[in-house]
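The structure appears below as structure tokens.
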Amino acid sequence: MASTADFKNGLCLEFNNDIVSIVEFQHVKPGKGPAFVRTKMKSLTSGKVLEKTFSAGEKVTTARVEKRPHQFIYADDMGYHFMDMNTFEQIPIEESLIERPQLLKEGQMADILIHAETEKPLGVELPPFVELMITYTEPGIKGDTATNTLKPATLETGAVVMVPLFVEQDTMIKVDTRDGSYSERVK
């Protein structure tokens with residue numbers, strides 16, 4: 001059990017027979033009336049974002065969710081297969097539990113969120129940035145640097161990312177996994 005004073009981003013709670021993670025919260029002390037906490041919570045099973053207002057000091061049930069490092073091995077029609085680096089046990093994860101599966105490269109490390117009581121996988125958390133090779137992109141037009149123009153580039157995993165005109169084929173780039181955008185060239 002925890003109270004609203006223990007709220008922080010990423011805290012996992014049991015709420016409405018579901019497991020949710022706090023995305024955003026705000027303590028509000030109005031001039032008139034009791035204090036309360038306004039929260040935005042994301043369901044770890046369905047991905048829906050819920051808004052809920054709790055009274056200050058209200059008790060909530062916390063859920064034990066563990067992040068365990070796993071290595072991505074391969075994908076097939078059964079799902080995405082990850083291997084625990086300690087026990088070498090393989091876990092198939094369905095595509096719906098992965099935020100941006102097109103950015104996964106074989107051998108890449110990722111954290112799997114697992115509900116500790118039921119040992120059920122709840123989702124996959126990719127590292128904030130991944131380094132991928134561009135396999136195909138159109139050549140940039142020389143001298144067209146006055147505008148911030150972007151062009152599509154196909155990565156080694158098959159994902160398509162918009163990159164600046166100066167980025168060429170066979171270049172390693174850093175991709176932000178939170179929004180799937182180009183970050184920088186890898187030197």
Side-chain angles (χ1 to χ4, degrees), residues 7-15 18-25 39-50 62-137 150-164 167 169-187:
F7 280 7
K8 62 183 178 202
N9 290 346
L11 179 69
C12 295
L13 308 172
E14 290 179 11
F15 182 73
D18 195 7
I19 297 173
V20 296
S21 174
I22 295 178
V23 177
E24 192 179 301
F25 70 97
T39 62
K40 273 189 185 176
M41 303 178 291
K42 182 177 181 181
S43 169
L44 294 178
T45 53
S46 67
K48 292 181 182 175
V49 176
L50 313 162
T62 56
R64 255 188 52 227
V65 175
E66 298 175 354
K67 281 185 186 179
R68 298 182 188 161
H70 284 71
Q71 182 180 30
F72 173 63
I73 306 172
Y74 64 93
D76 61 9
D77 56 343
M78 300 279 293
Y80 289 75
H81 297 265
F82 291 86
M83 180 174 66
D84 187 334
M85 296 307 290
N86 297 325
T87 63
F88 302 108
E89 181 183 336
Q90 291 186 20
I91 303 173
I93 304 284
E94 54 192 69
E95 186 174 350
S96 63
L97 295 178
I98 306 170
E99 187 77 29
R100 286 185 173 66
Q102 68 274 18
L103 296 178
L104 273 172
K105 182 169 84 170
E106 289 181 7
Q108 182 179 330
M109 296 301 289
D111 288 331
I112 296 183
L113 300 171
I114 297 178
H115 189 239
E117 281 91 42
T118 62
E119 289 296 316
K120 179 183 176 212
L122 300 170
V124 176
E125 208 172 83
L126 298 176
F129 296 96
V130 292
E131 295 179 0
L132 298 169
M133 178 74 72
I134 295 177
T135 56
Y136 175 77
T137 187
L150 300 174
K151 63 181 180 178
T154 306
L155 304 175
E156 61 185 295
T157 60
V160 177
V161 175
M162 298 302 284
V163 298
V167 178
Q169 190 167 317
D170 298 326
T171 305
M172 285 290 281
I173 64 169
K174 217 180 241 190
V175 179
D176 189 335
T177 58
R178 294 166 290 205
D179 58 5
S181 65
Y182 164 84
S183 178
E184 64 182 356
R185 284 187 291 186
V186 177
K187 291 155 180 86

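Residues take their numbers from the sequence shown, with the count starting at 1.
Rounded to the nearest 0.5 angstrom, H81 NE2 and D76 CG are separated by 3.5 Å. Separation of atoms CG (D84) and OG1 (T87) is listed at 3.5 Å; rounding is to 0.5 Å. Atom CD1 of I134 and atom OH of Y182 lie 7.5 Å apart (nearest 0.5 Å). Annotation: the span from N9 atom CG to I22 atom CD1 amounts to 7.5 Å, rounded to 0.5 Å. Taking CD1 of I73 as the start and OH of Y80 as the end, the distance is 14.5 Å to the nearest 0.5 Å. Note: I98 CD1 to L103 CG = 11.0 Å, rounded to the nearest 0.5 Å.
In terms of modelled atom types and a separation under 3.5 Å, the side chain of T154 and the main chain of V160 share no donor-acceptor contact. Under the 3.5 Å distance criterion, the side-chain polar atoms of Q71 are matched with a main-chain donor or acceptor of G107. Checking side-chain atoms of K67 against main-chain N and O of V124 turns up no donor-acceptor pair under 3.5 Å. Judged by distance alone, the side chain of T137 and the main-chain N or O of P152 form a donor-acceptor pair under 3.5 Å.
Minimum interatomic distance between F72 and Y74 (heavy atoms only, all atoms of both residues): CE1-O, 3.4 Å. Of all heavy-atom pairs between E14 and T62, the closest is OE2-O, 4.2 Å. In this structure, T135 and E156 approach most closely via the heavy-atom pair CG2-CA, 3.6 Å. Taking all atoms of both residues into account, the shortest heavy-atom contact from L50 to V20 is CD1-CG1, 4.0 Å. The minimum heavy-atom distance between I91 and P121, with the atom names listed, is CG2-CG, 4.3 Å. When every heavy atom of G47 is checked against every heavy atom of K42, the shortest pair comes out as O-CE, 3.8 Å.
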Evaluate the criterion side chain to side chain contact (heavy atoms under 4.5 Å, CB included) for residue pair V167 and I173; output intermediate values, then yes/no. CA-CA 9 Å; V167 178; I173 64 169; 4.0 Å; yes
Step-by-step side chain to side chain contact (heavy atoms under 4.5 Å, CB included) determination, I112 to I93: CA-CA 9 Å; I112 296 183; I93 304 284; 4.2 Å; yes
Report the C-alpha distance between Q90 and F82 in whole Å, list the side-chain angles of each, state the deciding distance to 0.1 Å, and finish with yes or no for side chain to side chain contact (heavy atoms under 4.5 Å, CB included). CA-CA 6 Å; Q90 291 186 20; F82 291 86; over 6 Å; no
Show your reasoning for whether salt bridge (charged side-chain N to carboxylate O under 4.0 Å, His left out) applies to E119 and R68. CA-CA 11 Å; E119 289 296 316; R68 298 182 188 161; 2.9 Å; yes
One pair to check against side chain to side chain contact (heavy atoms under 4.5 Å, CB included): L122 and I19. What are the steps and the verdict? CA-CA 9 Å; L122 300 170; I19 297 173; 4.2 Å; yes
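Residues passing the side-chain contact (heavy atoms from CB on, under 4.5 Å) test with S21 are C12, L44, sequence neighbours excluded. Residues satisfying the side-chain contact (heavy atoms from CB on, under 4.5 Å) criterion with D176, sequence neighbours excluded, are F129, R178, D179, S181.
Looking at heavy atoms from C-beta onward, F15 lies in side-chain contact with M41 at the 4.5 angstrom threshold. In this structure the side chain of T157 never reaches within 4.5 angstrom of the side chain of L104, judged on heavy atoms. Looking only at side-chain heavy atoms (C-beta outward), V23 and V49 stay at 4.5 Å or farther from each other. In this structure the side chain of M109 reaches within 4.5 angstrom of the side chain of M85, judged on heavy atoms.
Counting non-hydrogen atoms of neighbouring residues, nucleotides and ligands closer than 6.0 angstrom, the NZ atom of K151 exceeds 12 such neighbours.
Pairs passing the side-chain hydrogen bond (donor to acceptor under 3.5 Å, both in side chains) check and including a residue from residues 98-111, sequence neighbours excluded, do not occur.
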